[in-house]
Amino acid sequence: MTQANEAAALAQKAEDFWANLQTADPLRGYWANPYLAEIGEGKTGGKWYLEYVRDKYFGGKPAKHALSVGCGAGEVDRAAYARGVFDKITGIDFSTGGLEVARKAAAEAGVPATYIRKDFNQDTLPDAERFDLIFDYASSHHIANLEHLIKEIERVLADDGVFVLYGYCGPARMQWPTRVIDLVNKMLSRMPERLRTAMPVLGRPSLWEFMAGDPSEAVRGPEVVDVIRSVFDVVEDIDIGYTLSHPMFSQNAYSLDPNSPSEQTLFREVCEYEQILMENNIIGADTKVMVCRRRPVDHFRPAR
Amino acid sequence: MDVEYLQDPLSFRQFYEVNGSSNLPSLLIDRYLGGSTVDRALSLMCGDGWLDRQLHAAGVFRSVIGIDEDENLVETATAHSDRSAFNYAAGADVALENPVDLVFASSRLALAENADRFVKRAHSSLKDGGLFVYVGYGGPAKGPRADEREKIGRFVRGIHPALRDPEASGDEYLRALFAGLGAGNRIVDAIENRFSDVEVLDMGGLMPYAGWKASKGSLSYDRDDHVAIPLLLQLMELQLLEYRILSSGFKFVVGRK
């Protein structure tokens, strides 16, 4: 197989992965745990992060036109519209299956939305009008040509607009540091067997594992932060966490009984522990919220 | 300090496992007593004698003399034990006919009016080469620092409301919980000053104690998902001690005469 054919096959695989995921089974996992949300919101004024942005950067009013980068099936878009984050939205994603769901659900919910398929590795972003709010929920780390995407986001952002990333910026291809592996495996050894059936021991996933599932997963890691910083003025850089809870529960969380106080306690304690280790610089934050503005002056930036 | 916490079979399990044992008696026998039972031991501030009975049953010693400042507790200890192996007396200055092989004390020693005198007494009661063991609170009289209480409080908050005493929250709660632990650090200092080859091991204990207290009566130890909660807290606390984010409340201190 030639290099170009191989790249096309992997892209198709990624699309199929996301299409199946978003049409067959709504996304659910450790990140949906309300306690994690509570901890995250504690860092954004006690509000959901997009409400925080609305209140702090838009005077509590909706943005006029938002762009949702990597919108998937549009769950975040619909939640944001319901909370008055924007008046209308354009959503872009690679997954045709996800976009179909997003279009249908937006119509049912009365969200003024347009959904367009884009390959972020090469396509330009919609630019009929500039967006005063662009948000990317957990998408950038899937993009190999990250520089292209971030430059495109900058190009279509209004001069006084705000770009918000909520996403993974941990190790590329989830090649966990030894310390994280040790900490997680110690905790896993104390978990009831039921909660470690899916993943009894944490190791470093192989490249072939990604190729067999989602080839785009974590293709870029901490570089997400560096590339964003190289293009935007980052006005807020908020460490959310997930550094232990993600590797520990990415698969095992599906066994967590949401109605079991004891199992939820185990999850909650891992979250508290993770935060304390982060605050003391023992581990970094694998997930961040970054609030960004266009750089007012950059002589090297091409005119748009 | 709630003595039931010290008696709970899960308390300090992680510490003992990290040190290659399952509990205090096996750690003493395997690591410090060469695998054998000593003849005579002295129990300082023995309370109602629960630890004496546990150590005797596990084969740490053949007989013990227990002393305590509290006459009522001495009476209780006497009532609960076999006089052929256990002898109890009230006061701090009970005379011993012969020196003993082992002197031990737990957290009640930190509450003694004059703990230094007890440590001096331990030294004079031991045979040369005899072992002194203190397993108890070893921190300052004021308890953990405010920043440590804040972190401990977050783990208490982590316990699901359905398993947690609704009163168990806030700094005032934790201050009250840790008040009255005694001046444990003075005991550790006294042991280090008086004995040779002193070894001090961090046991942790305060964070799991706060969790134990907050969830008291809610956890059933025949359920693995319930047992996992104190064990996870113990594991996390020992790691936080290693990173010096928390300091150890309890200490395992051994010294030789």
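Since we're looking at a predicted model, the values are computed, not measured. Every chain is numbered from 1 and lettered A, B, ... according to where its sequence line falls, protein lines coming before strand lines.
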**OP:** Go through the steps to decide whether B/Lys151 and A/Glu279 satisfy the test salt bridge (charged side-chain N to carboxylate O under 4.0 Å, His left out), and finish with yes or no.
**Re:** CA-CA 11 Å; B/Lys151 291 178 182 73; A/Glu279 289 160 18; 6.0 Å; no
Subject >> A/Glu38/B/Arg157 under salt bridge (charged side-chain N to carboxylate O under 4.0 Å, His left out): CA gap, chis, key distance, verdict >> reply: CA-CA 12 Å; A/Glu38 196 179 317; B/Arg157 191 180 78 108; 3.1 Å; yes
Interchain contact, [X] with chain A, by part (heavy-atom threshold 4.5 Å):
{"X": "B/Gln14", "answer": "both"}
{"X": "B/Leu219", "answer": "neither"}
{"X": "B/Glu17", "answer": "side chain"}
{"X": "B/Arg244", "answer": "neither"}

Taking every non-hydrogen atom, the tightest pair across [X] and [Y]:
{"X": "B/Leu235", "Y": "A/Lys186", "result": "CD1-O, 3.2 Å"}
{"X": "B/Phe155", "Y": "A/Glu269", "result": "O-OE2, 2.6 Å"}
{"X": "B/Gly158", "Y": "A/Arg268", "result": "O-NE, 2.8 Å"}
{"X": "A/Pro192", "Y": "B/Asp225", "result": "CG-CA, 3.6 Å"}

Subject >> Part of A/Leu244 lying under 4.5 Å from any heavy atom of chain B >> reply: neither
**OP:** With a 4.5 angstrom heavy-atom cut-off, could you sort out which part of A/Leu195 is near chain B: side chain, backbone, both or neither?
**Re:** neither
Original post:
Can you find a pair of side-chain heavy atoms, one from A/Ile282 and one from B/Gln239, that are under 4.5 Å apart?
Top reply: no
Rounded distance [0.5 Å steps], [atom1] in [X] versus [atom2] in [Y]:
{"X": "A/Gln264", "Y": "B/Ile159", "atom1": "CD", "atom2": "CD1", "result": "14.0 Å"}
{"X": "A/Glu272", "Y": "B/Ile152", "atom1": "CD", "atom2": "CD1", "result": "13.0 Å"}
{"X": "B/Met236", "Y": "A/Glu274", "atom1": "CE", "atom2": "CD", "result": "9.5 Å"}
{"X": "A/Phe267", "Y": "B/Leu232", "atom1": "CZ", "atom2": "CG", "result": "12.5 Å"}

**OP:** Could you give me the CA-CA distance, side-chain angles and deciding distance for B/His160 and A/Ser262, then say whether side-chain contact (heavy atoms from CB on, under 4.5 Å) is met?
**Re:** CA-CA 7 Å; B/His160 192 281; A/Ser262 53; over 6 Å; no
**OP:** Take atom CZ of B/Arg53 as the centre, draw a 6.0 Å sphere, and report whether it contains more than 12 heavy atoms from other residues, nucleotides or ligands.
**Re:** yes
Original post:
For the side-chain contact (heavy atoms from CB on, under 4.5 Å) test, which of A/Asn281, A/Ile276, A/Leu277, A/Asn280 pairs with B/Tyr243?
Top reply: A/Leu277
